[in-house]
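First the structure, in the form of structure tokens, and then the observations on it.
Owing to the predicted nature of the structure, the values given are computational and were not obtained by experimental measurement. By convention in this document, chain letters (A, B, ...) are assigned in the order of the sequence lines, proteins followed by strands, and residues within each chain are numbered from 1.
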Amino acid sequence: MTVQASPTDLLAWYDRHARSLPWRVSPADKRAGIRPDPYRVWLSEIMLQQTTVQAVKPYFEAFLDRWPTVKALAAADEAEVMKAWAGLGYYSRARNLKACAERVAAEHQGQFPADEADLRALPGIGPYTAAAIAAIAFDRPAAVVDGNVERVISRLHAIETPLPASKPDIRAHTEDLVPEDRPGDFAQAMMDLGASLCSPRKPACALCPWTSACAGQRLGIAETLPRKAPKVAKPTRRGMAFVLLREGDDAVLLRRRPPKGLLGGMSEPPTTPFTEDAVTDDLTLAPFDLDWQRMPADVRHTFTHFHLELAVWRATAPADLALADGSWWSPPEELAGEALPTVMKKAVTAGLGE
DNA sequence: CAGTCGTGGCC
DNA sequence: TGGCCAAGACT
């Protein structure tokens with residue numbers, strides 16, 4: 001005899017234990033009639049894609065402070081958006097964020113659509129984010145399935161089929177649970193449960209509102225779920241970075257990377273392509289024929305699918321050096337505000353060191 | 001469908 | 001300390 005998982009039990013737990021987050025309207029405030037701002041919900045959901053709450057918080061506050069509405073963001077310079085996004089990762093999100101804001105401003109009169117399919121048609125909004133905005137911002141009964149929900153449902157139903165093959169099954173079970181009343185809070189409750197009690201390691205099953213309904217718990221395999229296909233090993237790629245300092249003011253030469261692909265649209269000191277068979281001492285690859293000095297320590301950085309070892313070279317350039325199109329001198333007081341990804345900040349720092 | 005696409009914190 | 005993980009989307 002088992003107890004059926006009830007949305008009501010989860011919502012009761014959420015009423016007591018909901019996390020307080022800058023983009024969230026608490027259950028108490030919602031009862032007082034406060035509605036979520038779709039712009040804030042959208043902005044937070046884009047930032048939270050594969051990104052931790054802690055990492056998102058300062059970026060969310062900074063964006064909201066600078067661009068308080070979707071119309072303000074639509075009118076922003078894309079380069080400024082990229083600068084503000086620097087360090088958060090997955091930079092195509094920033095480009096799609098700007099494109100999405102423009103579409104909402106131009107095609108939806110600055111109001112986000114409430115319909116899941118209409119949301120899904122906007123750039124950067126996939127199945128998860130469309131459902132999340134529909135549910136959280138508009139209280140539509142959408143099935144919101146993220147990594148947290150996949151874990152909760154996999155355990156609740158003891159699904160041993162590995163991800164991603166189990167996704168359709170997980171979705172079906174989630175749809176069965178979505179309540180007509182408070183679907184937005186239900187979605188957030190599922191994610192809060194997965195982020196706290198139903199954590200990847202050491203789940204706190206004794207405190208879970210669904211413990212008596214959980215097949216994974218009953219079978220003693222909850223912590224081992226969800227199963228996942230084995231991951232492929234990351235290869236190591238190598239490359240060179242050239243930190244060029246301008247004689248006199250120590251401005252650093254930067255350029256913009258191509259709009260798509262790795263670190264697309266972001267800024268960098270000149271680099272070589274990153275490859276597994278790269279040589280890191282071939283100065284014919286340098287952007288200028290100067291007296292380059294190799295810095296003693298390489299920069300190491302790990303991306304999603306490869307490790308990078310970057311040899312950093314430094315030189316000083318005469319102030320009248322002729323620059324190619326698309327590159328510029330960034331003086332010391334502007335360097336921190338440039339659209340430099342973390343790996344490129346590391347490279348510049350290494351190049352500035354002794 | 002499987003590969004691409006960042007970063008920081010965790011154990 | 002190196003792999004795992006975090007509110008995925010796009011191709």
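Figure legend: A/Arg237 and A/Phe274 shown without cation-pi pairing, the cationic atom not lying both under 6.0 angstrom from the six-membered ring centre and within 45 degrees of its axis.
In the set B/dT7, B/dC5, C/dG8, the nucleotide with an atom closest to the side chain of A/Tyr91 is B/dT7.
As judged by a 4.0 angstrom heavy-atom cut-off over every strand, A/Leu263 is placed among residues touching the sugar-phosphate backbone only. Using a 4.0 Å heavy-atom cutoff across all strands shown, A/Trp23 reaches at least one base atom of the nucleic acid. Counting non-hydrogen atoms under 4.0 angstrom, A/Pro164 reaches nothing in the nucleic acid. Among the heavy atoms of the strands lying under 4.0 Å from A/Val343 are primed sugar atoms or P, OP1, OP2 only; no base atom is included. Among the atoms of the strands shown, only primed sugar atoms or phosphate atoms (P, OP1, OP2) are found under 4.0 Å from some heavy atom of A/Gly87. Within 4.0 Å of A/Leu308, counting heavy atoms only, lies no atom of the nucleic acid at all.
Taking atom C1' on both B/dA2 and C/dA7, the two are 23 Å apart, rounded to the nearest angstrom. Distance noted for atom P between C/dA9 and B/dG8: 22 Å (whole Å). Using P as the reference atom, B/dG3 and C/dC4 are 15 Å apart when rounded to the nearest Å. Annotation: B/dC5 and C/dG2 have their P atoms spaced 23 Å apart (nearest Å).
Going from atom CE of A/Met47 over to atom C1' of B/dC5 covers 17 Å, rounded to whole Å. Atom C1' of nucleotide B/dT7 and atom CD of A/Gln49 are separated by 15 Å, given to the nearest angstrom. Rounded to a whole Å, the CD1 atom of A/Ile170 is 14 Å from the C1' atom of C/dG8. In this structure, CD of A/Glu268 is placed 12 Å from P of B/dG6, rounded to the nearest angstrom. Going from atom CG of A/Asn96 over to atom C1' of B/dT4 covers 14 Å, rounded to whole Å. Residue A/Leu193 contributes atom CG, which lies 12 Å from atom P of C/dA7 at whole-angstrom precision. One atom, CZ of A/Arg237, and another, C1' of B/dG6, lie 14 Å apart when rounded to the nearest Å. Distance A/Lys202 NZ to B/dC11 P: 12 Å, rounded to the nearest Å.
One donor-acceptor pair, N or O on each side, does fall under 3.5 Å between the base of C/dA7 and the side chain of A/Arg19. One can find a donor-acceptor pair under 3.5 Å joining the base of B/dG6 and the side-chain atoms of A/Thr304.
For A/Phe303 and A/His305, the distance between ring centers is not under 6.0 angstrom.
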Table of protein N/O atoms under 3.5 Å from nucleotides 4-6 of chain C N/O atoms:
| residue | atom | partner | partner atom | Å |
| --- | --- | --- | --- | --- |
| C/dA6 | OP1 | A/Arg151 | NH1 | 2.4 |

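With sequence neighbours excluded, the residues that form a side-chain contact (heavy atoms from CB on, under 4.5 Å) with A/Glu150 are A/Val145, A/Leu163, A/Lys167, A/Ile170.
Look at A/His305 and you'll find a side-chain N or O under 4.0 angstrom from OP1 or OP2 of B/dC5. Look at A/Thr129 and you won't find any side-chain N or O under 4.0 angstrom from OP1 or OP2 of C/dA7. Side-chain nitrogen and oxygen atoms of A/His301 include at least one within less than 4.0 Å of the OP1 or OP2 phosphate oxygen of B/dT7.
Ring pair A/Trp210/A/Phe186 is tilted by interplanar angle, where 30° to 60° counts as tilted.
The pair A/Arg140-A/Glu116 does not count as a salt bridge, with every side-chain nitrogen at least 4.0 angstrom from each carboxylate oxygen.
Heavy-atom neighbours of A/Gln54 CD from other residues, nucleotides or ligands within 6.0 Å: at or below the threshold of 12. Within 6.0 Å of CD in A/Gln111 there are 12 or fewer heavy atoms belonging to other residues, nucleotides or ligands.
Checked by atom type, the side-chain pair A/Arg93/A/Gln49 shows no donor-acceptor distance below 3.5 Å.
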Problem set entry | Trace of the ring-ring contact (aromatic ring centres under 6.0 Å, His included) decision for A/Tyr59 with A/Trp85 | CA-CA 7 Å; A/Tyr59 285 86; A/Trp85 197 275; 7.2 Å; no
